[in-house]
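These notes concern the structure reproduced below.
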Number of protein chains: 4
Amino acid sequence: MGATIIDSSIFGNIFSTDAMRQVWSDRNRTAKYVEIERALAVVQGRLGIIPQEAADEIVKNCDIDKIDMDKLRAATERIGYPVLGVVSQLNALCRDKLGEYCHWGATTQDITDTATVLQIREALELVDADLQGISAALVEISRRHRDTPVIGRSNLQQAIPVTFGFKTAAILAGIERHRERLAQLRPRVLMGEFGGACGTLASIERGAMETQAGLMEELGLSQPDIAWHTVRDTIAEVGAFLGLVGGSLGKIAMDVKLMMQHEVAEVFEPFHPGRGSSSTMPQKRNPISSCYIHAAVSVVRQHAAALMDAMIADHERSTGPWEIEWIALPEAFCLLAGALKQTRFVLEGLEVDAAKMRANIDITNGLVMSEAVMMGLGPYIGREYAHDLVYDLCREAIRTNRPLLDILAEHPEINVHLDRDALARLCDPANYLGQAGVMVDKVLQRAAGAVR
Amino acid sequence: MGATIIDSSIFGNIFSTDAMRQVWSDRNRTAKYVEIERALAVVQGRLGIIPQEAADEIVKNCDIDKIDMDKLRAATERIGYPVLGVVSQLNALCRDKLGEYCHWGATTQDITDTATVLQIREALELVDADLQGISAALVEISRRHRDTPVIGRSNLQQAIPVTFGFKTAAILAGIERHRERLAQLRPRVLMGEFGGACGTLASIERGAMETQAGLMEELGLSQPDIAWHTVRDTIAEVGAFLGLVGGSLGKIAMDVKLMMQHEVAEVFEPFHPGRGSSSTMPQKRNPISSCYIHAAVSVVRQHAAALMDAMIADHERSTGPWEIEWIALPEAFCLLAGALKQTRFVLEGLEVDAAKMRANIDITNGLVMSEAVMMGLGPYIGREYAHDLVYDLCREAIRTNRPLLDILAEHPEINVHLDRDALARLCDPANYLGQAGVMVDKVLQRAAGAVR
Amino acid sequence: MGATIIDSSIFGNIFSTDAMRQVWSDRNRTAKYVEIERALAVVQGRLGIIPQEAADEIVKNCDIDKIDMDKLRAATERIGYPVLGVVSQLNALCRDKLGEYCHWGATTQDITDTATVLQIREALELVDADLQGISAALVEISRRHRDTPVIGRSNLQQAIPVTFGFKTAAILAGIERHRERLAQLRPRVLMGEFGGACGTLASIERGAMETQAGLMEELGLSQPDIAWHTVRDTIAEVGAFLGLVGGSLGKIAMDVKLMMQHEVAEVFEPFHPGRGSSSTMPQKRNPISSCYIHAAVSVVRQHAAALMDAMIADHERSTGPWEIEWIALPEAFCLLAGALKQTRFVLEGLEVDAAKMRANIDITNGLVMSEAVMMGLGPYIGREYAHDLVYDLCREAIRTNRPLLDILAEHPEINVHLDRDALARLCDPANYLGQAGVMVDKVLQRAAGAVR
Amino acid sequence: MGATIIDSSIFGNIFSTDAMRQVWSDRNRTAKYVEIERALAVVQGRLGIIPQEAADEIVKNCDIDKIDMDKLRAATERIGYPVLGVVSQLNALCRDKLGEYCHWGATTQDITDTATVLQIREALELVDADLQGISAALVEISRRHRDTPVIGRSNLQQAIPVTFGFKTAAILAGIERHRERLAQLRPRVLMGEFGGACGTLASIERGAMETQAGLMEELGLSQPDIAWHTVRDTIAEVGAFLGLVGGSLGKIAMDVKLMMQHEVAEVFEPFHPGRGSSSTMPQKRNPISSCYIHAAVSVVRQHAAALMDAMIADHERSTGPWEIEWIALPEAFCLLAGALKQTRFVLEGLEVDAAKMRANIDITNGLVMSEAVMMGLGPYIGREYAHDLVYDLCREAIRTNRPLLDILAEHPEINVHLDRDALARLCDPANYLGQAGVMVDKVLQRAAGAVR
C-alpha cells in the first residue's frame, strides 16, 4: 500500500494506470539495468574488450528474476544508488569471477540514465497511444457534431453560436500539435548514455566509441555525440511536453465540467451506475473524471518546472539536481497517464445533449445574436453606430426581459431598413455559424493526414 | 513495489520514512475514516440523535481490521471516492440494519477532510520531532564550534573569517522560527470538518451543532466556525510551512556539499562504509544525504505552489482543486520527512575538520584580512582611500602571489602609520571575529528558552 | 513605459496599484538606503563610533532628492549592486571627506536587506488595509444575505440550498485567518539586518551590538539575534503569505465568474458603463475583475515557490538565490495588490440577484431537495434504503422531466408514511438551510472581535 | 521608474535588455495592433469586403505615432482591454466615418493574439541571436581547450580528469539542441489568429477565409486551421522553450561560479574595474553575472509552469487563464534575455587558468587517478578485487596524507604486477583523458553543420 496517490491501492487506478506504474516500477527499472548490462557484455564480448566466455556467462545471468530485491534495497540504502548493488549481484551469480567483466568501463549514471531513457521510450509509447485514442475520439465527435449548434462562450458569457464539433476540433488541433511535438522530440530524447566516470570513456582503453555505438544499437537508442550526465535538456523537455499535454487535457476537463453544470447540462461524462454519485445527493451527476484530470495536470506542470530546476547541474555529475528527476519524472508520467486515461474515457463515451444546446442558445432572449444583428445593420447605419445602438437595445431587452427581435422590429432607425422577417433571419443561430464547418473540415483533414 | 520514489521499495527509505509513509498509507487513511465514523456514532448516540443501540453496534464494528481493502478499492474505482465504500462495509457489518445510522448527517468530504487533519496532526508531530532533533544537533555544533574559525564566504568567494558555530547558529535561528510557526499554525489547522452536503448541517434536524462540537472534542480537534470544504487556506498553509522548512534544509545541504568539496574539505557527512562511494572512484566521499535533501525540497516547494492552486475552489465543493491536495499533500510530507531524516543524520554525525578550516583561511595570502586592514587603516588615511589603496594592494598580491602582509609592510603610505607587528595583528583572523560569539550565545539562549 | 504588465502604462493600474508600485520603485528603494545610512550615522555619532561632526554632515546630506539616479544606474551596471553607488554619492556630497564615515561597518546586503524589510513593512500595511476592506465588505454581504437562499453547489452540480451569506461568511473566515497570520508573521519578518561583510560585525571595533540595537530602534525594526544574510525563511514566509492570500482571492473570483454565467446569473461585478463589454457582443457582462484576479494570483503562487527556492543560499552571502528575491518579491506584492484592489472593487459593489438565486433552486424539479427527502424518509424506511430509493426516483424524475414531489407522492413505499403535504414541506428549500445562519453569526462574531 | 526589476531604471539592464523590453513595451504592442488593423484593411479592401476608400483612409491613419497613449490607458482601465480603445482612436482619425470599417469582423483577441505572435517572432529572433552567440563562444572555447586537462567533478568531488573543452562541448551540445527546438517550434507558434467573437468568422458574410489567409500572408504568419483563442499549447510551448534554455544557462552559471571559488580558481568572469567588487572586501572577484543568470532562470521556469496553467482555458474565450500569459510571457522573455546577455558576456570574455586547472588535479595526492589504477590493475587481479584494494589504499593515502603512487608501489599484491614506472604512467592525467577530444570534435562538427 502506497503513501502516494499514485501507488495507493485505493486510488492508484483513478490517478494513474497499471501500465504506466509498471514502466516506473522498481522491477522494470531494475530490469532495464540488467538489460543494459547484458547488452554491454554482448557488445564488449563481440568487440573482444572482455573475454567472450565472460560475456556469455554475464548474459546467461542477466535475468531480472535472479535479482534479490530485498538485498538490493539494503545495498541501495547503504550505498545511496542501486546500480552497484545490481552489478554485485550479477557478479556473484557468475562463475569463476567472470562477473567482474560486467559493467566494464561504465559508471552508475550511464546505466541509470540509459535505463531512464528506455523507460521514457516505453512511457512515451503509452502516452502516444492515448493521444491517438483521444485524437480518434475527438475526430469522431467533431465529425458527428460538425453542425450541431451550441452557444459559444467568452468570459463565461454567452457570445455567439458555434457548433459543438467546432469546439472539439479546436482542441483536436492542439492534440495533433502534441503528436507532432512528440515525433520531433523522440529522436532527441531517445539517446543513450555511456561515458564512464566523467563521460570521457577513459575507463575503456580501446574500443570505447565502438562499445558506445554498439551498445546503443543493441538497445535501439541513438548514440550521443558527448556525455550528457549533467546536460539535462532532453529530460526536462520530456517534462515540458507532459506539462503541455496536461494543459490540453485540463482544457477538455474544464469545458466538460462547465457544460455538465445543472444550469447548462449540455454534455455529460459517460454514465456508470454509482459513478459520480454522492453519498447524500442522488440527483447529482458529478464530473468525476474531469476532477481527476484537473488535479493531475495541476501537479504535472509543477513537476515540469521541477525538471527544469534539475537542469542546474554542477560539473560532470550533479549533486542533488539529478535526483529531482528521480522524483518528478515518474510522477509526471504516472499522473499524466491517469489524466490521459480519464480524458479518453470521457471523450469516448461523452453524452451530448444537442437539444439542450439548442435550448440554451435561446435563454438570452436573442441577445447572443446581437453581433449578427450589429453586423447586419452595419451596412445601413454604420458599424460603430450599429454597435452602440444594438448595445443599448440589448440592455433594454435585459431590463424589460423581452425578446431582442421584438425590440429591434419596433425601433424606427432599424425597421426603416429591415423588416421583421429580415431581422428574424439575422437572429437565427443556424444562419450565423460562419466558417465553423469549414474549419472543422480543415482540422479533420490535417488529423487524417497525420501518421498514425 | 511503487512507481514513485516515495513508495519504491528500493528508494523509499532514502527519500522518505516508514513513519511518514505510514501516516499517509491507505490503511491509516481508512483507519481515520473508521475512527471518525466511530466518534460520530458515539456522540450521536450520547445526544440521542441516533439510537444508542445503533451507536453501540456501529462502535463495535468500527475496526479497521474488519475493512476489506480489495472491496474498498473496487468501490472507490466505481464511485470515485472511498468514504461511501467504507460506510457501506460498516453498514453491512452491523446487525439488523443498525448500520444505517452510521455516517448520520455527514458528507464524504466531512470524513475525508477530518481524516486529513488527523493525518496532518500525526505528520506534524513527526516533523516537529525532527525539527527538535535538528535544533538539538545545531545547538550542540554551535556550542562546540562557537570559536572555531572558518572563512566566511560571500558569492562563493572568501570574505572574512567567522566561526563555524556562527554559521550553524544562523541556521539554528531559522529552525527556531520554524518551530514558532508550527506552534502558531497548529491551532488554525487542526480544525475538524463536519457540515454535511454543503456545510450547513441541514441533514441533521436537531443537535447539529452539538454533534459537531462533540465530534471535534472526541477527536481532539477544534470546532470550525463554519464549513471549510472550499476554503482551503489551512491546508495550503501546511504546504507553505513544509516548503519553508524545506528551504532551510536545502540551505544546510548546500553548505555541507560545498564544504565537502575536495578543494575545501572542511566538513563531511558521517562516514559509513560503502556509503557515498562510487563504483569506480574509491577516493570519493559523496555528499549523498545532501543530494537527497536538495532534490526532495526542490519538489516540496513545487507542491507548496500546487496546494495554493488547490485553494481556487468553486462553490461549496470544488471540482478538481480539492483533489490536488490528495496528490500534493502526502508527497510534500513524505519528501520532507526524508529530507528531515537525512538532515538530522548529517548534523548528528557531522565531521568537522577545524584544522582544514584554519588552513583554508590562509590560502589567499592574507587577502581575506583586507577588510580588517582597511578598517584598521581607516582612522589614519580615511576609509574610502584605505579601501581603494588596499584594493590595489590586494590585486598586487594576487598578481605577484605574495603575502598581503609583506606588501602592506613595504608601502610608504601605510608603514608610516603602522609597523609590521601592528599590521600582522590586523591580519590575524582570530582578532577579527567580531561579535560571532556573542551572536551565537544569543541564538543558543533563544533556543534554550523555546518549549521543547 | 514598462515591458512588464505591472509597469505598463496601459495595464499597470489594472494589474497593480500606484501605491504598491511606489513602495517597490527605484526611488523608494533608494530612499530607504538613504534613510538607513542616515539612521546609522545618527546612532554611530551618538555612540561616539564616528565623529559627531561626520554624523551631522552625513545626516544633512541624506536626502533622496540629492541622489543622481542616472549616475546611480551607471554605477550599478558597472558594480552590480546599487548600495555602493549611493554611498559614493553621499560621500561626495559631504564636505571635508566626512562622508567616509558613512556606511561605517556596514556591508551592502545590510542596507539592501534592511531596506527590503522597510519596504515589506509598507507593503504589508497596504495588504492589511485591503484585507480589512475585503473583510468589511464580506461582513456586510454576509450580514445582509444571512438568510438569502441560494443553491449550494458541489462538483458544479446543484446540491442542497444554502444562503448567500453562508457562502461569503465561509470565505470571510479564511480572510480573518489571513489577518491572524499577518499579525503573527510581522514581528518575525520586520527584523533588520546589520552584520557587516559576513554578519559578525567584525568591521566595528567597539560598540558593534550597540550600533545594531540603536539602528534597529531608530528604524522601528526588531534586532536580529544573528545575521540572516543567507537564512531567508522570513522573506520566503512573506511570499508564502502572499500566495495564501492570493488563493483566497482566487476562490472569490472563481465563484463570482461562475455565478455571473448567463445560465446562472446570480451575482454580478459592479457595472460601469463600457466595462466588461465586448467590441462585438453588447449583451455580455464580463467578469473582468475576476479575470484579472485569477491571472494575478496564478503567478503569485509561482513567485511563492521561487522565494522558497531563494532560501537555498550558500555560505554567508548567496550566489544567485538572493537575487531571486529581487525579482519575485516586488512582483508578488504588486500583482497581489492588483488582485486585492479588484477583489475589493467586486465585493464592495457586488450586485446580488436574490430572485434569480431562488429561481435557480427550482430548475431541477426539486431534485436538489432529495437529501432532505432522503433524511426525512430515513426514520421510516432506513437511511441506506431511502438513499437508494430516492436516488432511483430522482433518475426517474430526470428521465421523465417531472417534479420529484409528484413522483414521491405517487410511490407506495413512500406515501404510506408521508402524505403530499408532508413531502412538500420536505421539498421546501427554506426548511432545509440547517445551521447556515448560526454559522454566519459565529463568523461575524469572530470578525467583530478581531483587532481592526 | 518601474517597480519590477525588469523595468527598474537601476537594474533593468542587468536583468534584461533594452531590445527585449522594447519588444514587450506598450508602444510596440500598440504598434502591432495598428499594424494588424492596417493589414486587415489592406486585405479587406483588396477583397472588396470593405470599400477601397475606407481601406485607404484606414491605412493612412494606421500610424502608431497618431495614437494618444494617455487616452488609451484611460480607455483600457475603463473597458479592461486596450484593442477597442485603439480601434476607437483609429476610427476617430478617419474622415467621414470611414473608420467604422476598421477592425471589420475581428474580435479583440484576434488582434491581441496576433500581436503577441508578432512580438514572439521578434523576441525569438533576439533569443536566437543570443543562442548563436553563445554557441559561437562555446565553439571557440571548446576548440581552444579541447586538450586542456581539468579535473572532472562528480557530486562536487574530484573524480577523474577531463578537458575543459569537453566540459564546454557537452554544454554546447545542449545549446545546439535548443536551436533545433527553436527551428521546430517556430512554424507551429508563428500562426496568426483571426476568428471573430468565437472563432467562426461569423461576422464576415463573404470572403471570411480569404480575409484570414490574406491577413496572415500580409503579416508573414501561417494561417491557422481553426481558431486557437482557448487552445494555448503554442504559447505555453514558447514558455517551456524559454524555461529549457534557462536551464542550460543556469548550468553554465553554476559551473562558472563553482570554478571561480577561491579554493578552485580555474575560470573567471571577464574582469571590468569595479565589477563584482565588494564595498569592503577588495580581494573578491564575485561571479556577478552568474548570480543574475541563476536568479533569472529560477523565475523563468516558474513562469513556464504558469503558462501551462494558462492553458486551462474555458470555452471559446477564457476567463482569467488568458491573462496569465499577459503577465508571464513578457517577463519570461525579458528575464531570459538578461540571462542570455549575461551568459554571452561571461563566455565571450571567460578567463581560463589552465595552470590552476592542472594544479588542482594534483591536490588529492593522486587519488583522482584511482579509477585509472583500478582499471589498469583489473587485468591482473580482477576488477572487483582491484576496486576494493585500491579503495582501501586510497583511504590509507588520505589517512597518511601520502601520494597514492608511493603506496601503490609499496604494495606487494600490486608491485608484483606493475613497477613504479608503469604505475606512474597509470597515474598521469594526460594518459587518462579517454575519448574527450573525439567527443569534442563530434560536437563541433555537429555545431558547424547547423544552419546559422
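Naming: A, B, ... by sequence-line order, numbering from 1 per chain.
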Please give me the minimum heavy-atom distance between [X] and [Y], naming the atom from each residue.
X: R446(B); Y: D225(C); answer: NE-OD2, 2.7 Å
X: F166(C); Y: A227(B); answer: CZ-CB, 4.2 Å
X: Y385(C); Y: E100(B); answer: N-OE2, 3.9 Å
X: A305(B); Y: A305(C); answer: CB-CB, 4.1 Å

Interface moiety of [X] toward chain C, non-hydrogen atoms closer than 4.5 Å:
X: I235(B); value: neither
X: V300(B); value: neither
X: V245(B); value: neither
X: R153(B); value: both
X: H303(B); value: neither
X: A304(B); value: side chain
X: T230(B); value: both
X: M308(B); value: both
X: T163(B); value: neither
X: L433(B); value: backbone
X: A173(B); value: side chain

Could you check if a side-chain atom of [X] sits within less than 4.5 angstrom of a side-chain atom of [Y], using non-hydrogen atoms only?
X: M209(B); Y: V438(C); answer: yes
X: M439(B); Y: L201(C); answer: yes
X: E316(C); Y: K167(B); answer: yes
X: T200(C); Y: I160(B); answer: yes
X: Q212(B); Y: Q435(C); answer: no
X: R177(C); Y: T234(B); answer: yes
X: M259(B); Y: H315(C); answer: yes
X: N155(C); Y: D314(B); answer: no

Which residue out of [options] racks up the most heavy-atom pairs below 4.5 Å with chain C?
options: G152(B), A240(B), A170(B); result: A170(B)
options: E205(B), H229(B), E180(B); result: E180(B)
options: G199(B), A236(B), P224(B); result: G199(B)
options: G378(B), G250(B), P321(B), S203(B); result: S203(B)

Item to check | With sequence neighbours excluded, residues passing salt bridge (charged side-chain N to carboxylate O under 4.0 Å, His left out) with R181(B) | outcome: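 Per chain and number, R181(B) pairs via salt bridge (charged side-chain N to carboxylate O under 4.0 Å, His left out) with D233(C), E237(C).
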Heavy-atom distances under 4.5 Å only: say whether [X] touches chain B with side chain, backbone, both or neither.
X: I151(C); result: backbone
X: S318(C); result: backbone
X: V297(C); result: side chain
X: L244(C); result: both
X: N91(C); result: side chain

Checklist entry - Would you find a donor on one side and an acceptor on the other, under 3.5 Å apart, between the side chain of K251(B) and the backbone of A313(C)? => result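 Between the backbone of A313(C) and the side chain of K251(B) there is a qualifying donor-acceptor contact (under 3.5 Å).
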Do you know which of [options] has the most heavy-atom pairs under 4.5 Å to chain B?
options: G247(C), C102(C), G174(C); value: G247(C)
options: V440(C), V231(C), V162(C); value: V231(C)
options: I312(C), I171(C), D441(C); value: I312(C)
options: G243(C), G99(C), P379(C); value: G243(C)

Next on the checklist: Checking R301(B) against D309(C) for the salt bridge (Lys or Arg N to Asp or Glu O under 4.0 Å) test, could you report, in this order, the C-alpha distance in whole Å, the side-chain angles of both residues, the deciding distance, and whether it holds?
Outcome noted: CA-CA 7 Å; R301(B) 66 174 165 260; D309(C) 197 359; 3.1 Å; yes
Item to check | CZ-NE2 distance between R188(B) and H178(C), expressed to the nearest 0.5 angstrom | outcome: 10.0 Å
Checklist entry - Atom CG in L156(C), atom CZ in R317(B): separation rounded to 0.5 Å? => result 12.5 Å
Next on the checklist: So for atom NZ, which belongs to K97(B), do other residues, nucleotides or ligands contribute more than 12 heavy atoms lying within a distance under 6.0 Å?
Outcome noted: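 Open: at most 12 neighbouring heavy atoms sit under 6.0 Å from NZ of K97(B).
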